[in-house]
Trainee: 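Pasting in a structure now, in structure tokens, and then I'll have a few things to ask.
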There are 2 protein chains.
Amino acid sequence: MKKKDAILKVATVLFSNRGFKDTSVQELSRLTGAAEGTIFYHYKSKENLLLAILVKTRDDIVAQFDQFFENRPFDSGLEMAEETTSFYLYLAGLMEDQFLLLHRRFLYRFSESNPEFRKNLEAIYNCLVDYFEKAILTGQADGSIDSGIHPRKTALILFTMVDGMVRFKNDNLYDAGALFNELLKSCRRMLQVR
Amino acid sequence: MKKKDAILKVATVLFSNRGFKDTSVQELSRLTGAAEGTIFYHYKSKENLLLAILVKTRDDIVAQFDQFFENRPFDSGLEMAEETTSFYLYLAGLMEDQFLLLHRRFLYRFSESNPEFRKNLEAIYNCLVDYFEKAILTGQADGSIDSGIHPRKTALILFTMVDGMVRFKNDNLYDAGALFNELLKSCRRMLQVR
DNA sequence: AACAAAACTGAGCGTACGCTCAGTTTTGAT
DNA sequence: ATCAAAACTGAGCGTACGCTCAGTTTTGTT
């Protein structure tokens, strides 16, 4: 089970950073020490290897978020929303390659022909947006978040904002770290009761 | 000059939607009616063709924004910020393929080895963020936008938010149209004086 | 030790791609 | 009408890729 894992690990890095087509099985073979035949023995095609990576990514992200929220006390819904934003950025740094992968278009191209791709992508996005929404609903119940905003739609917008920030960091357009405090402030201003 | 333009046009659509590697010169040839040799006669390599597309995209976007702001009267900086957001979304619909292209990672890969790519990408982003910043500065001067926010950083965040929305629309994750009003509202809440 | 299942190998196949080049056709100025 | 420059052509070259398969090695159970 050693080489199988190594292949998945190296492929995650290469697919995320170089792209799917720009990563050859020959290169995976060289970097993992496994023969090309071994790669196709464990994953029956290159596309299937990508799918296996996506499945693991979903498992990892969902597990991390569930663990983060389990038994964690929040002073208010607003604080929960801020911490969700904060944790998302933290996780995007921790699991850089896997988050990078989610921003790569070839995943969405495969989604059009292979429902397994779409299923896993949706599971990830639903998990994330649900936590944002839950924070907003909690905040509206405890009075820390304005009741005039639409919970689901605003959750999507919050997610869009923080996810966009991750993209810009990954594409080296500008540094997300330098914007971190301002981002949390913007998030607070968006939600606060006035 | 007919075929040269046709090649650029078709390549824009294919590179944006299918990807760079996933678009073959043979296919471009078939769809434009130009022989493969003709493509290499006008653009000396596939990479060069992509660069030509990026240059045109920069020209188009910058021209559209400059034209939009020229002689346009705004009641306030806040309104200007909202209209900038709004216009960005409008333009992303109008020039769908070209905006899609800007979200494709191969552009940023080429940027690492070819400074021409980076130069053009930066020109586009600077132009866009500058307009957001200008709106904020105007609003802080006329009292419609809170003076407690950092103009440049908040401009980047606003841009991130609206650009992220465009990405989600392009990747068919969810409909930006349905979130349009809520997005403008969030934008207003972020900036407003309290 | 015997043996079957699982893991692994790498040469080789078919295919598709980017690009060149020697040559042809079209264009536009005189 | 002449002619040179510009536009265009497509067969063909070298290369790289995904994947197969017949065979070998390793692993774990009895």
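Numbers restart at 1 for each chain; the letters A, B, ... are given by sequence-line order, proteins then strands.
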Trainee: If you assign each of A/Glu36 and B/Glu47 to its closest nucleotide in DNA chain C, which residue comes earlier from the 5' end?
Mentor: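 Here A/Glu36 is the residue nearer the 5' end.
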Trainee: So what's C/dG14 paired with, Watson-Crick or G-U wobble, going by both distances under 3.5 Å?
Mentor: D/dC17
Trainee: Between A/Lys44 and B/Lys3, just flag the one whose closest nucleotide in DNA chain D comes earlier from the 5' side.
Mentor: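 It is B/Lys3 whose nearest nucleotide is closer to the 5' end.
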Trainee: What is the nucleic acid contact for B/Ser24, judged by heavy atoms within less than 4.0 Å: base, sugar-phosphate only, or nothing?
Mentor: sugar-phosphate
Trainee: Who is the Watson-Crick or G-U wobble partner of D/dC8, with both distances under 3.5 Å?
Mentor: C/dG23
Trainee: Using chain B heavy atoms and a threshold of under 4.0 Å, write down where along DNA chain D the contacts begin and end, 5' to 3'.
Mentor: D/dA6 to D/dG10
Trainee: Determine yes or no for a side-chain-to-main-chain donor-acceptor pair under 3.5 angstrom, with B/Gln64 supplying the side chain and B/Leu91 the backbone.
Mentor: no
Trainee: For the residue pair A/Phe68 and A/Phe74, does the interplanar ring angle fall in the parallel (under 30°), tilted (30 to 60°) or perpendicular (over 60°) class?
Mentor: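 Plane angle between 30° and 60°, so tilted.
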Trainee: Got a sec, which residues hit side chain to side chain donor-acceptor pair (under 3.5 Å) with B/Asn114, two or more places apart in sequence or on another chain?
Mentor: B/Glu47
Trainee: Parallel under 30°, tilted from 30 to 60°, perpendicular over 60°: which one fits the rings of B/Phe106 and B/Phe20?
Mentor: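 Tilted, since the angle between the ring planes falls between 30° and 60°.
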Trainee: Please enumerate all residues that pass side-chain contact (heavy atoms from CB on, under 4.5 Å) together with B/Leu158, with sequence neighbours excluded.
Mentor: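 Result, side-chain contact (heavy atoms from CB on, under 4.5 Å) vs B/Leu158: B/Phe132, B/Ile136, B/Met161, B/Cys187, B/Met190, B/Leu191.
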Trainee: Is A/Ser29 touching bases, backbone alone, or none of the nucleic acid, heavy atoms closer than 4.0 Å?
Mentor: nothing
Trainee: Do the ring planes of A/Phe159 and A/Tyr125 sit parallel (below 30°), tilted (30 to 60°) or perpendicular (above 60°)?
Mentor: perpendicular
